[in-house]
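Heads up: the structure comes next, in structure tokens.
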Amino acid sequence: MTELPKAYEPTVVEEKWQERWLREGCFHADPHSAKPAYSIVIPPPNVTGVLHMGHVLNNTIQDILARRARQEGKEVLWLPGTDHAGIATQARVEKELAKENPPRTRFDVGREAFVDMVWQWKNKHGGIIIKQLKKLGCSCDWERERFTMDEVYAPEVARVFTELFKEGLIYRGRRMVNWDPVLLTALSDEEVIMTPTHSKLYTIRYKLADGSGQLLVSTTRPETIMADVAVAVNPKDPRYGHLVGKKVLRPLCTAEIPVIADEHVEIGFGTGALKITPAHDRTDFEVGMKNGLEIIDILTPDGHINCPGCPELHGLDRFVARDKSIELIEAAGLLEKVEDYDNNVGISQRSDVPIEPRLSMQWFLKYPCVQEAAEAVAKGDIVFRPARWAKTYAHWLEGIQDWCISRQLWWGHRIPVWYRKEKAEALQAATTLTEADELAGDIYVGVTPPADPENWVQDEDALDTWFSSWIWPFSTMDAECLAKFYPTSDLVTGPDIIFFWVARMIMAGYRFAGGKPFSNVFFTSIVRDLKGRKMSKSLGNSPDPLDLIARYGADGLRFGLMRIAPTGTDVKFDEKQIEEGKNFANKLYNAARFRMMQGEAGSDPAPRFAPVHLDILDKLRQLHDSVTEALGKYEFNTYTQALYSFFWNEYCSLFLEAVKNDLREGGDPALRNATLLTMDTVLRHYLALLAPIMPHICEELWQSLGFAARNGGQPLMSTPLPAADTLLGGVDETRISQARVLSAALYETANRARNLKAEYNLSTNKNVRFVLKPALPFDADTAARLALLAGAKEAVAEADYQAPKGTPTALTPFGELFLPLEGLVDVEAERNRIGKQLEKIDKEIAKSQAKLGNAKFVDHAPAAVVEQERARLADWQSKKTQLESMLAALV
RNA sequence: GCAGGGAUAGCUCAGUGGUAGAGCGGCUGUCUUACACACAGUUGGUCGGGGGUUCAAAUCCCUCUCCCUGUACCA
């Protein structure tokens, strides 16, 4: 009777609902609402980004939380946006320039024109990811979309900078920073990845200037020898004490340099003598400062040697120069030995090349509100899930270093500092700048440019992207929104940005927004491939979520992923799981289709409910509670699994199969009504529970099943979640628990019956009949259901049934169940089968007897456990007797 | 080095003291009137190794091995 297709086709349905939700403003947050607030700010993806599996996981979770909160009657703000991603975006446009003929660099284009180009690129290609998030079904308030460089947000970044500068927390100084020789910018410590590397350790002879001997010095970086200004030994080292104060000859760009004593040198390491190169090593820089040593910089910003005093190396790339310098040293007879050596090298997260410690003028931030930020998490004001991340967070805060916030980039927030033109050069070279300079009228720091811009020169640098995103939770909101929605409720993000972003947002929240930015932080797992590797473009192991959506539907993708996303550990992505999500959507669709094929439920005659009806409603009630509990604990996989197993196993496999006969033509109309009403109740309630994770199909079925029409045409998404106790309202609890027992007995008996059939290769035979010696009330209705479930012609109760010898039997909750064979069994096969079973049973009996023969077990274990064991033994023994008699009957 | 996480069926994972589970895969059947994206049945495990506590351990304790993730580094 139905014209509905047999298989669910998600694509059209999903697009339809996404449009409709938007059109009806379902995602819009009203700051004037009287409802309690629930809010999330999205971790803004890079504007250059495309959706990857991490985003899918992350945003599905946020969407579940947001949709569920709406169902619970909250006013929900899920605030979306994108991040300008300084380096990534700039690099993207530079790449385009490099492809031109002839290739160009940003310097060829010039700053202003280049920034224009990036904006154009952003307007044209940026924000693809926003469209993709919409395809995933994300219920963000898209009218409030922000961009970290838009006209509302950018001034906030400058304001924050200005305030911190005036407070003295932002300062400028000449410091050792992590320098990226490819991108030509400073990086923060967090952007440097310490990577285990196979290197060489070179031991080199530094001759004493007076010719009285030599000092052996080990280094991994011989190309920096020209910048050596001393050799240091530990003052307590008995081998070298007499050398301190003498001079040695620097082996390259030869010069006399002093031997100094410094605690920093470890006596046991290498030769115990350390070359000091303050310009190219962090700790050497400190040693140099302490000892008042000169700083000789022999590297260009792009990592080439700059040392005219050593013409053989001058101009070479740093790694070429490394080999060449060793050749020179060996030729001079100064190379003692070369060993393999494993050490950690700092690699730029962005350009993937070794960074250089480099002395340069940069802006730094002394973090504000560190104490408050640490306490907020320690005291549980902000709750981290899983909790163990709190430790990582605390550890980072303890050893926190000032943040290098300036970047030598053009794309980003330009540092809002201007220098008075005539003094600009001197000021830009000055090692420190403070508010005093501002008061003196030499510099200007502010959100808007100075009133007389022609007299000023703006600082060239831009701010680290994270310096704009750390104020995301509040700078994205206007005053009304802040009043209603700040602090936000949940933050959902990956643990990989706990320092970059989460920690900094907490500090910013306390400093600028008067309190914590969020109450809960849920750290998602990291999505890996089946080999456990991180998904990355270069490995090509990252599936394209849009392709997955096209093949499995957004709902299928969401469901499949959430079902395998554990709460504590990483998730290994397996496309099979997504396929299951799709299969589940199809199952749901077909169950609804089945209902639609039955027509309306009537009220006449009054429905007659059987135990199975009450039972499924009771199970749904339990599902409601466990779903609520799981979501309360942010256990999304438990939530998903509970929904899956209820629907597939309890509703479809058991309940629907048990009631199919109620729906047939000519059946009892009172039973038919009961069944239709129950199906409606289950579907209506279940769709509401499932909607947060599979919103599209639920909405579609909600409508096609007619639930929307009965609800004033309201979409499911703006319908409050019904209470669990509406499901069985008014039904006596004793009757329910009775129904529970009887239904469990029915399903269990059906299962035993099917197993009996299978044992005798009668699985597909529908003509078998079962005879039951009932131990529980076994009415005709139950008998009919049992026959239906077991695929039998009939199931009859006979209290004094005399089974022919050898009739297969099983003990069921309803009593002893027989499968009369009518002599259609292969004797030889039967004998073998029974023989094997007896072997197994004997083992079990022996095991059980041993346990019960153990006095300690009987004395110490709880009575129930012992009782259980006795029953088990009795079961096995009776089974054994049966089999033996069957064996005898075969002969 | 330090810190954290993990090791359970061929695969992905549940399972915090009381007969080892699910889904997928494999194998057998079945187009049984919602669903072959399905149904029925079935096959898979010394729960990483060793030791301990206990009547009883995948589960608690100790130890070892291997993987992962942070983090700190000495040339």
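Small disclaimer: the values here were computed from a predicted structure and weren't measured. Every chain is numbered from 1 and lettered A, B, ... according to where its sequence line falls, protein lines coming before strand lines.
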Can you name the atoms? Protein N/O to nucleotides 51-60 of chain B N/O, anything below 3.5 Å, with the distance.
| residue | atom | partner | partner atom | Å |
| --- | --- | --- | --- | --- |
| rC55(B) | O2' | N854(A) | ND2 | 3.0 |

Could you work out, with ring-ring contact (aromatic ring centres under 6.0 Å, His included) as the rule, every residue matching Y651(A), not counting sequence neighbours?
F647(A), F655(A)
For D284(A), give me all partners under side chain to side chain donor-acceptor pair (under 3.5 Å), at least two apart in sequence or on another chain.
none
Taking only residues two or more places apart in sequence or in another chain, which ones pass salt bridge (charged side-chain N to carboxylate O under 4.0 Å, His left out) with R754(A)?
none
Under the salt bridge (charged side-chain N to carboxylate O under 4.0 Å, His left out) rule, collect the residues that match up with E650(A), sequence neighbours excluded.
K619(A)
Going by the side chain to side chain donor-acceptor pair (under 3.5 Å) test, which pairs reach into residues 261-274 of chain A, not counting sequence neighbours?
D262(A)-K290(A), D262(A)-N291(A)
Going by the rule ring-ring contact (aromatic ring centres under 6.0 Å, His included), which residues pair with F584(A) if we only count those two or more places apart in sequence or in a different chain?
F559(A), Y644(A)
What does the B/S/- profile of nucleotides 26-41 of chain B look like, 5' to 3', with a 4.0 Å heavy-atom cutoff to protein?
---S----BB-BSSSS
Salt bridge (charged side-chain N to carboxylate O under 4.0 Å, His left out) partners of K275(A), counting only residues at least two apart
D228(A)
Does D281(A) have any salt bridge (charged side-chain N to carboxylate O under 4.0 Å, His left out) partners at least two apart in sequence or in another chain, and if so, which?
none
Using a 4.0 Å heavy-atom cut-off across all strands, classify Y341(A) as base, sugar-phosphate, or nothing.
sugar-phosphate
Do any N or O atoms of the protein come closer than 3.5 Å to N or O atoms of nucleotides 65-72 of chain B, and which pairs are they?
| residue | atom | partner | partner atom | Å |
| --- | --- | --- | --- | --- |
| rA72(B) | N6 | N344(A) | ND2 | 3.2 |

Requiring both pairing distances under 3.5 angstrom, list the stems that contain RNA chain B and are made of three or more consecutive Watson-Crick or G-U pairs.
B:1-7 with B:65-71, B:10-13 with B:21-24, B:26-30 with B:38-42, B:48-52 with B:60-64
